[in-house]
Q: 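This structure is in structure tokens; I'll ask about it shortly.
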Amino acid sequence: MPAFDHFDALKSKAGGAFSGWKSGGDGGGGGGLGGGRYEEFGLSQDGGAADDASTPGSNEEPERPPLRHIDKYIRPELPCLSKRVTVALLSCLGFIVMFGMRCNMGMAKLQLEKERNESMASVDSSIFWGYLITQVPGGFLATKYPANRLFGGAIGTSSFLNLLVPGALMLGPGAIIIVRVLQGLVEGVTYPACHGIWRYWAPPLERSRLATLAFCGCYAGVMFAMPLCGELIKRIGWQAPFYFYGCLGITWFLAWIWLVFERPSKHPSIEARELKYIESSLGQANSNQTLPTIANTPWRAFFTSLPVWAIFIANFCRSWNFYLLVLFQATYINDVYGIDIEENAILGALPHLLMTIIVPSGGILADYLRKQEIMTTTQVRKVFNCGGFGMEATFFLVVAFSKSYTQAITALTFGVAFSGFAISGFNVNHLDIAPKYASILMGMSNGIGTIAGCICPVAVHHLTDAKRNAETWKDVFILGACIHFMGVVFYAIFASGELQEWAEPKTDEEKQWNPMDENIHIKQSASVQSNGLVQTSFTNPPNYGAVNQPHEKPPLPPPPQQMQHQPQQPPPHGGVNPFMAAPPTDGVSNPFNNPFRQEPVQPPAEDAYLHGTINDRNY
């Protein structure tokens with residue numbers, strides 16, 4: 001078989017083998033979560049290179065880690081979902097479990113206060129004491145250790161502790177406070193760890209939608225927990241929600257450690273095209289940057305940066321009103337309108353239902369506006385955050401002056417729903433201004449938000465302890481509205497979506513050569529310049545297993561000298577010989593030149609007797 005025929009056969013086999021990679025996994029990008037983005041990075045929908053499918057190595061499968069024992073029987077994936085959407089969905093379920101456990105106490109205390117005739121203000125705030133302590137350490141842990149294990153272990157441990165809450169309540173207030181503080185300690189690392197996960201899994205223009213899909217679990221957890229806990233308490237007893245969510249959380253933990261991996265390159269069954277898309281869009285920055293430590297973290301820049309303080313203030317304002325509703329919404333409805341616990345739970349979940357829908361929808365809309373260059377990243381963050389806060393504050397004022405239950409619950413529903421857009425503002429902003437320090441900034445930001453969680457129960461009990469009626473609750477909601485308006489003003493003036501100067505790589509190690517820079521055309525756009533990102537379109541996309549070629553090919557060597565009397569015949573089949581660099585014809589080089597060798601395999605023969613014409617031979 002001629003060499004070029006053999007090469008064509010090898011290409012056909014490689015293409016056939018590659019077609020098997022398409023089965024399962026991505027599902028077209030996860031139903032709108034990045035399905036149309038592959039072509040922008042030179043990747044066709046069949047997983048190969050869009051423009052240079054014939055390049056050797058373009059269809060080679062990336063190196064994968066070895067399968068675990070369980071993976072040999074069941075692939076670690078969810079049908080019809082890409083791996084990055086699987087991470088977002090399971091993160092959402094983890095937050096559902098975590099915030100469901102927080103609602104356990106908020107619903108159970110209504111029954112306990114009636115039975116014991118005592119206030120549980122210290123129990124309400126005890127979880128936030130531990131939650132505050134581990135926020136910043138959680139940010140460093142998420143950069144030093146696998147963030148997926150940190151996130152899963154935190155929720156799994158908190159679920160186990162939730163099983164101990166009923167027994168601790170029977171022992172006395174001291175025991176329950178200890179258990180709740182321990183729950184807060186382990187849950188404090190969840191938000192920083194979640195940002196640590198997205199550092200490796202979220203393509204830049206999908207940050208909003210993937211992060212908001214994960215964070216909407218916080219509100220979905222409240223939505224499901226209120227009616228569920230109310231029903232369990234009424235039918236079984238106040239202990240039932242604690243046992244239910246404890247078992248549910250442990251089950252979720254087992255699914256998490258099976259399906260979620262630290263980064264795409266460590267996933268044993270991720271599709272080649274999804275792996276290429278994520279790593280190409282993120283570039284080499286994540287692997288080249290040195291890990292943040294206490295010594296090299298720019299603490300001074302954190303505390304002197306107004307965009308950072310805008311995030312801190314926004315998190316404080318949002319946390320105040322969120323924990324106000326999580327801990328006291330059921331109490332407010334019961335005190336002012338006398339609604340029983342079952343009806344209270346069902347109707348009280350309505351605001352959080354709408355917010356669960358609004359949060360991921362807002363993320364998709366935010367990314368669309370940035371991708372289409374309709375608005376810059378800074379404009380998107382400000383409009384979504386200030387609009388969400390402003391509308392919620394306005395509706396809180398309506399709740400404060402409501403005269404009927406229908407009016408109050410309607411205003412509360414719309415206010416909470418609009419606040420869902422703010423999650424696409426401040427809660428994703430850490431990844432815009434300082435992606436390298438996103439986990440640490442999230443820990444600091446959430447720590448300041450946790451201070452609101454510690455203060456809010458004390459303030460509410462102080463305002464309502466004298467007489468829990470409509471007048472005292474009016475003051476509570478007016479205070480919440482004023483806090484939100486303060487956040488609107490500060491964020492609108494000082495927030496930014498641009499990569500901050502102090503967050504850019506400064507050392508030689510972090511400015512290593514990126515081989516993809518040689519193969520891509522970089523285009524600045526108004527929507528992505530503000531977060532330090534660039535749009536890329538691959539002219540010669542990188543291939544796993546292929547040798548990196550320079551941007552401009554070196555000049556080909558001159559053709560071998562031919563004998564004067566021997567005419568140069570064109571090689572068969574168009575001169576496709578992978579083992580020899582054929583000379584250019586009409587100034588155009590052969591596309592099938594061997595990229596590993598740019599010279600003839602051996603010099604041409606000069607023996608006229610063996611290699612000349614028949615007339616050259618002497619008998």
Side-chain angles (χ1 to χ4, degrees), residues 208-209 211-213 215-216 218-220 222-223 310-326 328-329 332-333 347-370 374-375 377-429 445 449 452 456 473-495 497:
S208 299
R209 66 190 76 182
T212 52
L213 176 58
F215 292 139
C216 77
C218 306
Y219 316 104
V222 179
M223 175 196 72
I311 297 174
F312 290 171
I313 298 297
N315 204 321
F316 180 91
C317 299
R318 179 69 199 114
S319 297
W320 181 284
N321 288 293
F322 176 67
Y323 291 124
L324 170 64
L325 297 180
V326 170
F328 297 103
Q329 179 179 321
Y332 160 71
I333 295 174
L347 294 178
L350 183 59
H352 303 282
L353 169 63
L354 288 183
M355 191 168 185
T356 304
I357 299 172
I358 292 294
V359 168
S361 301
I364 294 173
L365 178 59
D367 280 344
Y368 174 81
L369 294 174
R370 296 167 63 221
I374 299 172
M375 300 173 70
T377 301
T378 300
Q379 293 169 342
V380 167
R381 301 304 181 218
K382 288 185 176 182
V383 169
F384 277 64
N385 195 83
C386 297
F389 277 11
M391 293 301 295
E392 185 175 30
T394 302
F395 280 107
F396 266 27
L397 293 177
V398 176
V399 174
F401 293 95
S402 296
K403 300 300 181 182
S404 66
Y405 174 71
T406 302
Q407 186 180 7
I409 199 66
T410 300
L412 200 62
T413 299
F414 280 102
V416 173
F418 275 107
S419 70
F421 288 106
I423 306 304
S424 298
F426 78 95
N427 222 9
V428 191
N429 207 183
S445 170
C456 181
W473 281 106
K474 180 176 71 173
D475 296 336
V476 171
F477 282 99
I478 290 176
L479 176 61
C482 292
I483 290 174
H484 252 0
F485 281 129
M486 178 189 69
V488 168
V489 174
F490 197 92
Y491 197 89
I493 297 174
F494 299 113

Q: If we ignore hydrogens and angles and just use 3.5 Å, is the side chain of T410 paired with the main-chain N or O of Q407 as donor and acceptor?
A: no

Q: Verify side chain to side chain contact (heavy atoms under 4.5 Å, CB included) between F389 and V489, making sure each step is shown before the conclusion.
A: CA-CA 10 Å; F389 277 11; V489 174; over 6 Å; no

Q: Mind checking the OH-SG spacing from Y323 to C456? Nearest 0.5 Å is all I need.
A: 10.5 Å

Q: With a 3.5 Å distance limit and no angle check, can you tell me whether T377 reaches the backbone of G497 through a side-chain donor-acceptor pair?
A: no

Q: Quick one: closest heavy-atom pair of I311 and F426, and the distance?
A: CG2-O, 3.9 Å

Q: Rounded to the nearest 0.5 Å, how far does OG of S424 lie from CG of N385?
A: 9.5 Å

Q: Output the distance between atom CG (N429) and atom CD1 (I423), rounded to the nearest 0.5 Å.
A: 12.5 Å

Q: Compare all side-chain heavy atoms of P360 with those of R209 and state whether any distance is below 4.5 angstrom.
A: no

Q: Please work out which of the three classes, parallel, tilted or perpendicular, describes the rings of F396 and F477, given edges at 30° and 60°.
A: perpendicular

Q: Under 3.5 Å, is there a donor-acceptor pair linking the side chains of R381 and S208?
A: yes

Q: How close do A408 and Y332 get, heavy atom to heavy atom, and via which atoms?
A: CB-OH, 3.7 Å

Q: Does anything in residues 349-359 form a side chain to side chain donor-acceptor pair (under 3.5 Å)? List the pairs, not counting sequence neighbours.
A: Q329-H352

Q: Between F322 and Y219 (judged by ring centroids, cut-off 6.0 Å), do the two rings come close enough to count as a pair?
A: yes

Q: Report yes if some heavy atom in the side chain of I358 is under 4.5 Å from a heavy atom in the side chain of F421; otherwise report no.
A: yes

Q: Quick check: are there more than 12 heavy atoms from other residues, nucleotides or ligands sitting under 6.0 Å from OH of Y368?
A: no

Q: With the side chain counted from C-beta on, respond yes when S419 and R318 share a heavy-atom pair under 4.5 Å apart, and no when they do not.
A: yes

Q: For a quick test of reading the model, state the closest non-hydrogen atom pair linking F395 to A411 and the distance between them.
A: CB-O, 3.3 Å

Q: Pick out which of V359, I357, L353 makes a side chain to side chain contact (heavy atoms under 4.5 Å, CB included) with M355.
A: V359

Q: Would the number of heavy atoms belonging to other residues, nucleotides or ligands and lying under 6.0 Å from CZ of F414 be above 12?
A: no

Q: For the backbone of A400 and the side chain of K474, can you confirm whether one donor and one acceptor N or O come within less than 3.5 Å of each other?
A: no

Q: Evaluate F215 against N427 for side chain to side chain contact (heavy atoms under 4.5 Å, CB included), listing each step before the verdict.
A: CA-CA 9 Å; F215 292 139; N427 222 9; 3.6 Å; yes

Q: Closest heavy-atom contact between V428 and A211?
A: CG2-CB, 4.3 Å

Q: Would a 4.5 Å heavy-atom cut-off, applied to side chains only, mark L397 and F485 as touching?
A: yes

Q: Between I333 and Y405, is there a side-chain heavy-atom distance shorter than 4.5 Å?
A: yes

Q: Dump the intermediate steps for side chain to side chain contact (heavy atoms under 4.5 Å, CB included) on V416 and L354, then the final yes or no.
A: CA-CA 8 Å; V416 173; L354 288 183; over 6 Å; no

Q: Shortest non-hydrogen contact from G449 to S319?
A: O-CB, 3.2 Å

Q: Could you tell me the separation between the CD1 atom of I483 and the CD atom of E392, rounded to the nearest 0.5 Å?
A: 11.5 Å

Q: If I take atom NE2 from residue H484 and atom CG from residue N321, how far apart are they, to the nearest 0.5 angstrom?
A: 4.0 Å

Q: Please lay out, stage by stage, how I478 and W473 fare under the test side chain to side chain contact (heavy atoms under 4.5 Å, CB included).
A: CA-CA 9 Å; I478 290 176; W473 281 106; over 6 Å; no

Q: May I ask you to check whether F312 and F316 place their ring centres under 6.0 Å from each other?
A: no

Q: Just how far is it from atom CE of M223 to atom SG of C216, taken to the nearest 0.5 Å?
A: 9.0 Å

